[in-house]
**Q** 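Mind looking over this structure? Questions follow.
Order of appearance sets the numbers: ligands from 1, and atoms from 1 within every ligand. This structure is a prediction, so every number in the text was calculated from the model and none was measured. Hydrogens, waters and symmetry mates play no part in the numbers below; they use all other heavy atoms, side chains included.
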Amino acid sequence: MELLERIKNAIIETMPAMAKQATQEALEKGISAKEILNSALIPGMDEVGRLFREGEYFVPEVLVAAKAMNASMDLIEPILVGSGVKKAGKVVAGTVEGDLHDIGKNLVCMMLKGAGFEIVDLGVDVKPESFVEATKREKPDILVMSALLTTTMLNMPKVIDALKEAGVREKVKVLVGGAPVSRDYAEEIGADGYSEDSSSAVELARKLVN
Ligand code: B1M
């Protein structure tokens, strides 16, 4: 379908206005929101993730591609919500306490959203008790924590301890990431997974909810 290809290419070629226009046309022609999501947005962002992993795209391209995906998503999301299309899963995400860096966390959230996950973004400087409250309230499949400072990554195990104390640790998969975080550190603190960038975060999240 030519219009779906146009939406997909607008995402890959980082053109938000074109993504929006092609999505509008597709909806007017009767293409369903679900088909736009599954046949244009998700494969488009998958391809962006591949280009990023292989070093062809850098952070600015990924951010604008995500903007293009969001421009399309803004039009189809109300329809998807109304039609009850099943989401890939629910994610609560935040940058840990003391840390104000949010570019990487936002990128992870955008890529997960592009892959069909529902995102509850708690923002930055998120206290352990706020992660716990959101886990109880939102009942997510996955909790994502981001940290960019060697000092604030030490707050990640505090969140895991707080989840245990509140009796909800087993109800959610905990994924961690951010520049100073490593796979070894994730294992050491008892997280369920680590990913070094936003596209591998999507692959990991998909594996964990299936
Ligand atoms: Co700050 N900062 N910063 N900073 N900053 C760094 C991180 C630093 C490495 C710079 C340096 O010294 N070379 C350094 C940390 C040193 C350390 O701890 N080892 C540093 C410092 C020291 C500080 C301050 C303390 C500076 C000061 O005030 N003296 C201060 C701290 C403030 C605070 O948080 N309390 C500070 C402040 C800031 C700004 C506010 C000015 C700004 C943040 C703006 C914002 O985020 N809105 C800022 C920035 C921009 C940076 C650098 C330049 C860029 C970070 C970034 O956005 N990268 C950074 C140096 C650098 O990295 N070159 C630096 C792009 C982003 C896409 O990458 O966040 O790594 P990243 O995310 C990646 C992966 O890590 C991964 O996926 C993303 C996409 O691939 N990922 C996840 C991230 N989270 C994930 C979660 C997952 C999975 C993957 O969950 C599953």
**Q** I'd like the name of whichever of V181, N106, L149, L148 reaches closest to atom 55 (C) of ligand 1 through any heavy atom.
**A** L148
**Q** So, for atom 10 (C) of ligand 1, does the protein have a heavy atom nearer than 4.0 Å?
**A** no
**Q** Show me which atoms of ligand 1 lie under 4.0 Å from any heavy atom of V176.
**A** 87 (C), 90 (O), 91 (C)
**Q** Which atoms of ligand 1 sit under 4.0 Å from any heavy atom of M145?
**A** 86 (C), 90 (O)
**Q** Got a second to check how far I12's CD1 is from M45's CE, nearest 0.5 Å?
**A** 10.0 Å
**Q** For atom 74 (C) of ligand 1, grab the closest protein heavy atom and report residue, atom and distance to one decimal in Å.
**A** E196 O, 3.4 Å
**Q** Could you walk me through whether K173 and L143 satisfy the side chain to side chain contact (heavy atoms under 4.5 Å, CB included) test, starting with their C-alpha distance in whole Å, then the side-chain angles of each, then the deciding distance to 0.1 Å, before giving a yes or no?
**A** CA-CA 6 Å; K173 300 285 183 196; L143 184 72; over 6 Å; no
**Q** So, the side chain of R50 versus the backbone of R53: is there a donor-acceptor pair under 3.5 Å, distance only?
**A** no
**Q** For atom 67 (C) of ligand 1, decide whether some protein heavy-atom distance is shorter than 4.0 Å.
**A** yes
**Q** Please tell me whether F131 and I119 are part of a single hydrophobic cluster in this structure, the criterion being side-chain heavy atoms less than 4.5 Å apart.
**A** no
**Q** Protein heavy atoms near atom 82 (C) of ligand 1, is at least one of them under 4.0 angstrom away?
**A** yes
**Q** Which ligand 1 atoms does G178 reach within 4.0 Å, using its non-hydrogen atoms?
**A** 75 (O), 81 (N), 82 (C), 83 (C), 84 (N), 85 (C)
**Q** Do V96 and Y194 land in one hydrophobic cluster if side-chain heavy atoms of ILVMFWY residues count as linked below 4.5 Å?
**A** yes
**Q** Roughly how far, to the nearest 0.5 Å, is CD1 of I189 from CE of M145?
**A** 5.5 Å
**Q** Kindly state if atom 89 (C) of ligand 1 has a protein heavy atom within a strict 4.0 Å cut-off, that is, under 4.0 Å?
**A** yes
**Q** Is there at least one protein heavy-atom neighbour under 4.0 Å from atom 17 (C) of ligand 1?
**A** yes
**Q** Among the clusters formed by ILVMFWY side chains lying less than 4.5 Å apart, do M15 and L41 turn up in the same one?
**A** no
**Q** Find all atoms of ligand 1 within a distance of less than 4.0 Å from any non-hydrogen atom belonging to D99, and give their numbers and elements.
**A** 34 (O)
**Q** Under 4.0 Å between a side-chain nitrogen and a carboxylate oxygen: does that hold for K8 and D46?
**A** no
**Q** For atom 19 (N) of ligand 1, what is the nearest protein heavy atom, given as residue, atom name and distance?
**A** T150 CG2, 3.5 Å
**Q** Identify whether the distance between the nearest side-chain nitrogen and carboxylate oxygen of D192 and R169 falls below 4.0 Å.
**A** yes
**Q** Considering only protein heavy atoms, determine whether one is less than 4.0 Å from atom 63 (N) of ligand 1.
**A** no
**Q** Return yes when F52 approaches ligand 1 closer than 4.0 angstrom through a heavy atom, no otherwise.
**A** yes
**Q** Atom 80 (O) of ligand 1: which protein heavy atom is closest, and how many Å away?
**A** D197 CB, 3.3 Å
**Q** If I take atom CD1 from residue I11 and atom NZ from residue K67, how far apart are they, to the nearest 0.5 angstrom?
**A** 14.5 Å
**Q** I need the nearest protein heavy-atom contact for atom 65 (C) of ligand 1: residue, atom name and distance, please.
**A** I103 CG2, 4.3 Å
**Q** Under the 4.0 Å line, does any protein heavy atom show up next to atom 33 (C) of ligand 1?
**A** yes
**Q** Among all protein heavy atoms, pick the one closest to atom 47 (N) of ligand 1 and tell me residue, atom and distance.
**A** D102 OD1, 2.7 Å
**Q** Have a look at S146, A205, G104 and point out the one with the heavy atom closest to atom 73 (C) of ligand 1.
**A** G104
**Q** Heavy-atom contacts with L175 under 4.0 Å: which atoms of ligand 1 show up? List them by number with element.
**A** 91 (C)
**Q** What distance do K34 atom NZ and I76 atom CD1 have between them, rounded to the nearest 0.5 Å?
**A** 12.0 Å
**Q** Given G98, G49, S195, A191, which has its nearest heavy atom closest to atom 35 (N) of ligand 1?
**A** G98
**Q** Taking heavy atoms and a distance under 4.0 Å, where does L100 meet ligand 1: side chain, backbone, both or neither?
**A** both
**Q** Show which atoms of ligand 1 fall inside a sub-4.0 Å distance from at least one heavy-atom site of L107.
**A** 67 (C), 79 (C)
**Q** So that I can tick it off, tell me whether R6 and E25 are bridged by a salt bridge, with the cut-off set at under 4.0 angstrom between side-chain N and carboxylate O.
**A** yes
**Q** Under 4.0 Å from atom 45 (C) of ligand 1, is there at least one protein heavy atom?
**A** yes
**Q** So does K127 pair up with E97, basic N to acidic O under 4.0 Å?
**A** yes
**Q** Is it the case that one hydrophobic cluster holds both V124 and V120, taking links as side-chain heavy atoms less than 4.5 Å apart, direct or via other members?
**A** no
**Q** Flag the pair K207 and E203 as a salt bridge only when some basic side-chain nitrogen lies within less than 4.0 angstrom of an acidic carboxylate oxygen.
**A** no
**Q** So which protein heavy atom does atom 38 (C) of ligand 1 come closest to, and at what separation?
**A** H101 NE2, 3.4 Å
